[in-house]
Amino acid sequence: MSSVIRTQDLCIEYDVSERGLFFTKRHRILRAIVDVSLEFRTDEIVGIVGESGCGKSTLGGSLAGMVPKATGSATLNDREIEEFARNDKVDFSRQVQMIFQHPRGSLNPVLTGRATLFEVLRRLPDVKDHAARVSELCEQVGLSEDLLDRRPAQLSGGQCQRLSIARALAMEPKFLICDESIAALDVSIQAQIINLLSDLSRSLGMGIIFISHDLNAIRHFCDRVVVLYLGRVVELGPTSEVLTDPRHPYTKALGRAIPNIGEFALPDPELTGEIPSPIDRPSGCALAARCPVAEARCRSAVPPHTTEGNRAFACIHT
Amino acid sequence: MIGTVTAPIRLVFGQGVEIALGTIIVVTFLILAAFAPFIAPYDPDFLNLGASLKPPSAEHWFGTDMLGRDVFSRVVFATRIDLLMGTVGVLLPMILGSTAGLIAGYGWGWVDALIMRLVDVVLAFPWLILMMAIIAVYSPGLVSFFFAVTMVGWVSYARLVRARVRVVKRADYVKSARVLGYGHARILTRHILPNAMVPALVFAASDFVLVLTAGSAVSYLGMGVQPPTAEWGLMIAEGRNFITTAWWIPFFPGMAIVLLAFGFSLIADGLSLKLGVGDA
């Protein structure tokens, strides 16, 4: 059976209340993710893109069962992820795995590569021959097995990331969430890791949710892309269509922000100003204050999603 | 502070020399302790009133004390009890304090608050006074000393470990461990503790010096090891009345304390350099 992750009107909030002197308290809620409805399947690589603070990592964390939701639902095969991850930790971790931004930081510095992998395998009763499985994993991620006796500090960033991927693969997950997983690597290594993830996704039938602010990486790698702005989905659709023919003003601005060699044309209206605070959310469209085409009705109501084939966007101007 | 002492040594001999030198000193003392009966020329407790207060000579290398006991033999035999005092006096507080710090740092708000208020209570007193008060409540002796040093010493480890745990628990490798579905106990013992212990281990080496001097101080005040047992602090205390006429009685045990303390300080210093904690 093919697995599927679905979110329906998912909202995630953080309590950022400030405690004052004595017993006063200033209640403040940070709404990191608002009404996000998405679907992820195992046969595709989905990119989640947006600028810093837009809720990409929060969304990823919640799909991995690490961040509790406020309202709405996030399910894996119709089972609530939050409850699944809490009650059947091991089963859930065999379905969804995650790799992080800093390759070296996501490996326990006191464990050698081999110990890191054994640490995972010892909990899987169905894996009998650990040494053979380790060899297999190393081959899958293109990591030389003699490097396994080193600690993370003695490995390069790319080698660390391959080891992190091997560790995640050891669980044979249905979904792999990559949270800015290439941002800290050299550009040449980025390409290697992207190709590796791409190959693994196809050969293992593993869905990848690729969180990144790097549109170039997403363009080469993802089948679909979801554009987040201040916790809301502003546009989604097949990568090639969204990036060549963006419909939402925010996606257009993101596309223009990619530096292109040999192209000097500086674009028409750029976004100005800063991303608004997710604590005091503006009413209406969150982009309105920065948007070149905004008008009064943009500020009064949150624009609904317009669906057009397999694309969707949240802007009243298109 | 030891860094200023070791900087020239390091300049001459290169990196890692502190640990090597410190280890040589400590191992020498370990050998002294292990083979005391073969190294010491006399019975440490043998009284020879006819040969009291003799200055150092070929016969008595470190001279004799007021009761005619051979100071060299007593210094050698005292190594046993002083190393025991230092080791147990460091390990017990380290185990108690690290556990407390680990629990406090990992979470559960009210447990953290409770442990840290206990720490504040202990820190509110001068530690030597508090130790002596605890010993005074029980009976003077080694067991009371260990109890007191544990009750007082755990706070340093608790604070060091707690501070590191609060950093380490947010590390990506701990997040990974959670995503991989490891249990709390596994995460605490295998993924957080080994990475949060480094400052505490470095501190332990210098804490050895503190415990050693505290033990000697407590013995000096008559609240620790009891006579006639040979113990460096006690020997200094016994020799204090003769310091103008027989300097060798307190001098050699004093030198032994300084040398062993220096050995452990060197190790602590080298460790902190090697493991990248502290200044240096």
Side-chain angles (χ1 to χ4, degrees), chain A residues 57 60-67 81 84-111 115-124 151-153 160-161 163-165 167-171 173 175-181 184, chain B residues 15-16 94 98-99 101-102 105-110 112-113 116-117 160-161 163-204 270-278:
Chain A
S57 295
S62 114
L63 300 181
M66 306 251 289
V67 180
I81 285 176
F84 196 167
R86 190 173 51 236
N87 297 334
D88 289 316
K89 244 185 217 176
V90 179
D91 277 353
F92 180 74
S93 63
R94 301 200 73 166
Q95 299 278 328
V96 180
Q97 271 305 309
M98 193 161 179
I99 54 178
F100 295 90
Q101 176 170 7
H102 297 289
R104 199 162 285 127
S106 58
L107 296 168
N108 186 339
V110 302
L111 297 182
T116 294
L117 294 179
F118 276 138
E119 183 81 354
V120 181
L121 295 176
R122 60 180 273 283
R123 292 166 51 260
L124 308 176
R151 288 180 218 287
C160 284
Q161 200 59 293
L163 185 56
S164 297
I165 296 171
R167 179 178 60 181
L169 289 185
M171 304 296 280
F175 289 97
L176 182 63
I177 301 170
C178 305
D179 188 355
E180 296 279 10
S181 298
Chain B
Q15 284 287 344
M94 184 161 86
S98 303
T99 312
L102 188 62
Y106 192 54
W108 306 301
W110 67 270
D112 182 23
M116 293 326 283
R117 291 302 81 74
L160 276 172
V161 171
R164 277 304 296 166
V165 167
R166 285 166 66 90
V167 174
V168 168
K169 76 173 177 184
R170 288 190 181 81
D172 277 349
Y173 56 84
V174 175
K175 276 194 219 158
S176 300
R178 281 169 58 203
V179 176
L180 287 161
Y182 300 158
H184 285 298
R186 188 83 189 162
I187 292 178
L188 272 173
T189 54
R190 192 138 166 90
H191 298 273
I192 293 183
L193 188 63
N195 293 298
M197 274 307 280
V198 172
L201 283 176
V202 172
F203 176 73
L271 274 181
S272 69
L273 270 181
K274 205 178 172 95
L275 302 173
V277 287

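Below, read A as the first sequence line, B as the second, and so on, with proteins coming before strands; counting in each chain starts at 1.
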Is any residue of residues 101-110 of chain A within less than 4.5 Å of chain B by heavy atoms, and which ones? A:Gln101, A:His102, A:Gly105, A:Ser106, A:Leu107, A:Asn108, A:Pro109, A:Val110
Can you say whether A:Arg122 sits under 4.5 Å from chain B via the side chain, the backbone, both, or neither, judging by heavy atoms? side chain
At a 4.5 Å cut-off on heavy atoms, which part of A:Ile99 comes close to chain B: side chain, backbone, both, or neither? neither
Turns out that what part of A:Met66 lies under 4.5 Å from chain B's heavy atoms comes down to both
Which heavy atom of A:Lys89 sits nearest to which heavy atom of B:Tyr182, and what is that distance? NZ-O, 3.6 Å
Pairs in or reaching into residues 182-200 of chain B: which pass salt bridge (Lys or Arg N to Asp or Glu O under 4.0 Å), with residues at least two apart or in two chains? A:Glu119-B:Arg186, A:Glu119-B:Arg190
Report which part of A:Arg167 has an atom under 4.5 Å of a heavy atom belonging to chain B: side chain, backbone, both, or neither. both
Is there a side-chain contact between B:Tyr173 and A:Leu111, using heavy atoms and a 4.5 Å cut-off? no
